[in-house]
Amino acid sequence: MSTADLIGRGLDRVDGPLKVTGRARYSAEFPAKQISYAVAVGSEIASGKIRSLNTSEAEKAPGVIAVITHKNCPPMAQGKSFELGGALADLRMPLSDANIYHAGQYVAVVIAESLECARHAATLLKFTYIEEDPIVDFSDKKAQHIDNAKFMGQPLGKSRGSVEPALAAASVKVDNVYRTPTVNHNPMETHATTSVWDSGKLTVYDATQNLYGSRGTLAQIFSLPTENVRVVCKFIGGAFGCKGAMWPHVVLCAMAAKAVNRPVKLVLTRPQMFTNVGHRAETEQRVAIGADQNGAIQAIIHEGTSHTSMNGDFVEPFTKTTPMFYTSPNLRVGQSVVRLNKQLPTFMRAPGETPGMFALESAMDELAYALDMDPVALRMKNYATEDPDNGHPFSSKGLAQCYKVGCAKIGWDKRNKQPGTRRDGDWLYGMGMASATYPTMHFNAVCDGILNGDGTFVFKSSTHEMGTGTCTVMAQIGAARLGVPADAVVFELGDTDYPMAPVSGGSATVSTVGSAVDGAALEIQNILAKKLADSATSPFSGLPQGEIEVKDGRFTALSRPDTLSYVEALKALDLASLAVKFQTKFNDHAKKVSMHSFGAHFIEVKVDQDLGIVHVTRSVGVFANGRIINEKTCRSQIQGGIVMGIGMALEEAAIMDKRTGRMVNGNLGEYHVPVNADVPDIEVHFIPEEDTVINSIGAKGVGEIGITGVAAAVANAVYNATGKRIRHLPITADKLFV
Ligand code: MOS
């Protein structure tokens, strides 16, 4: 089977049977002898100090092993932050003092013989607080604002040309403020962690996207040599960024297990998902665009604010993409952050692009109406054929085709330009579109490759299966390179005993680890070919390097009639098996190219004119994502992103009681995420795209791009249906009445 046959094919997930039969073991399910159960207890106030606490009743409760608060927490060393190559989301070590910075911040951990005992004892804890008024509003006069925000150490502020005069002189302009609320992470699997100490060594079974990062940081915190910490995570029930950095419960659990000298399991509750593992920060974004009468953009301003916590820095980088997107000669972008009594925000599926493209692509729709121009034509008028931010060529950019195919598939020519003119009974219909984009990234990874004597292959790297299909796709990449059937290859992941892989984030797992698998497969071929040439007795003895090739899984040489399978090659060399190690060596800074995925969403909605109900009735997404490795898992990723985008557009918002700083809807009953009834059939198309620059496998990554632009396409469709421009997500009925 050749590469051409295998790459792109929608192979079923290799772990599908394990998952549907319940045999896939998730982080909460690892057994350990003498295991005990922890419950983490959160603060009832959002700002202030613990005045007093009384644990005596809880300690006396049945089954209780220990109660740990800031009063008796054993000392721990400071861990390193995610931004500096560690894993900690929030630098404040849990239970380090009596100060309270957000509601739900851990103030105690109760360890007991059973979960029920721990939960019961937790209700017996008595805390009193010195409460201060929480700062939870951008507009609060006491709130600290910080200008010139950075994302992962990179300044977000940029400018080119002379934007104010260009905007002032533009014949047509739009200048509006867009708002997106705090939205929460709700993967099906809540965070879960189990810590087992054995002879000074720590093993942690943890739901994480960042095995090596967690290992290094736990080693720091507990002053252990790195090799004495092992982190295991075989399956993740969804992550989307909340399991990328390490949250305090992981530290609490390992600390508790050490303190009670028994394995401890700690599983967060669903409400704790709303207060303890990050969220997408609220944003307030001004977008001003000025164009000439033909629609050529002369000026873009995109600036605004998001929040961070009182003592941590995370900036939702919503302006990150704007300088790259349209060919405006004049531009200014920049962000500030405001400190609030909320937990630290974090990465959430396409951090930055997701709220940023909502604002930018809504503004483009408004500009199209102001110009009386078709929204697709306006985008093509300002289409960047090289990166306007740095002048570099794009490694590939299939966006124009995405627009074209999207228009054809949805029937864009049937869209009524005039809002509010397509009606069926009480329902008003409309169509909207928006662009999607996400950068193509790679980090570096190491992969072990093993050829067994029976002709099967095993590749191992310490990456993650978040539900994305990593095991399946990696086996596919390895098999394609080797020229063997996919089921001859097994890919193993999820354990720091395997070679280093980076955080599974930035949609970079396929590009990074896939390149490492590809490299390891090639290494197996090269080493065997060299050994065959060097061996006095092999049929290829003495052939110059490069003459031996692997075709359809057999070693061949033009000058010789014999061909050898992998098994025959091992036999000819008198080898039982062969093991190799391959490390990727990406250095993207050296490349003067701009690497991004692109796409376009075309969405139809119907809006009940009396009730303000919005339904997405059609969704067509077209993507230029480099080479698609597995059509089925790629499609699933994109569809999932679009579902999440529909949630963002129409439903999701974390609501805070501003008097107390506590969550009002911190549960899945009242925090709405899309259900089947909210989601239409989602059509996804991929534009064939050969990109030879990005990496050896030509894949750009699909985890995040799907959500980008969805909310704008929905808002633009709602405008087209109703004539009402909603600039503040989510688009709920109350906003359509006013
Ligand atoms: Mo993603 S937000 O980089 O896990």
Side-chain angles (χ1 to χ4, degrees), residues 81-83 85 87-89 151-154 180 182-189 191 206-214 233 235-247 273 277-281 283 306 308 314-318 320-321 344-358 436-445 463-470 493-494 501-514 595-597 625 633-634 636-638 640-645 647-648 652 699-711:
S81 74
F82 185 89
E83 201 177 300
L88 282 187
F151 178 65
M152 296 299 288
Q154 298 298 313
T180 62
T182 296
V183 292
N184 280 93
H185 275 290
N186 273 299
M188 274 206 271
E189 179 199 33
H191 288 241
D206 189 44
T208 176
Q209 296 169 250
N210 191 6
L211 287 157
Y212 264 63
S214 299
C233 179
F235 296 98
I236 307 170
F240 310 103
C242 63
K243 293 166 182 162
M246 193 164 77
W247 296 98
M273 293 296 292
V277 293
H279 52 255
R280 195 193 299 285
T283 74
S306 64
T308 187
F314 185 91
V315 175
E316 177 72 27
F318 52 78
K320 183 160 62 89
T321 289
L344 188 68
T346 194
F347 308 96
M348 185 164 177
R349 210 174 204 167
E353 287 79 8
T354 299
M357 291 299 274
F358 164 65
T437 190
Y438 194 75
T440 299
M441 293 191 253
H442 340 265
F443 311 107
N444 282 304
T463 186
H464 317 84
E465 176 56 86
M466 307 194 279
T468 45
T470 309
L493 49 62
V503 58
S504 280
S507 300
T509 301
V510 168
S511 62
T512 303
V513 184
M595 304 185 290
H596 302 266
S597 298
N625 261 99
T633 53
C634 280
S636 289
Q637 281 301 299
I638 298 283
I642 293 170
V643 171
M644 212 163 164
M648 174 189 178
E652 292 193 45
K700 286 184 170 176
V702 293
E704 286 163 277
I705 186 172
I707 189 175
T708 71
V710 177

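In this text the structure is predicted, and so the values were computed from the model without any measurement. Remember, it's 1-based here, ligands and their atoms both numbered in the order they're listed.
Between the side chain of Arg280 and the backbone N or O of Arg349, at least one donor-acceptor pair lies under 3.5 Å. Under a 3.5 Å cut-off, the side chain of Lys700 and the backbone N or O of His596 do form a donor-acceptor pair. The main-chain N or O of Thr468 is found under 3.5 Å from a side-chain atom of Glu465 such that the two form a donor-acceptor pair.
For the 3.5 Å distance criterion, the side chains of Ser504 and Thr463 qualify, holding a donor opposite an acceptor. Checked by atom type, the side-chain pair Glu704/Tyr438 shows a donor-acceptor distance below 3.5 Å. Thr283 and Glu316 form no side-chain donor-acceptor contact under 3.5 Å, judged by distance and modelled atom types alone.
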Can you give me a line-by-line list of nitrogen or oxygen pairs between ligand 1 and the protein shorter than 3.5 Å?
residue: ligand 1; atom: 3 (O); partner: Gly506; partner atom: N; Å: 2.6
residue: ligand 1; atom: 3 (O); partner: Glu704; partner atom: OE2; Å: 3.2
residue: ligand 1; atom: 4 (O); partner: Gln209; partner atom: NE2; Å: 2.9
residue: ligand 1; atom: 4 (O); partner: Gly241; partner atom: N; Å: 3.2

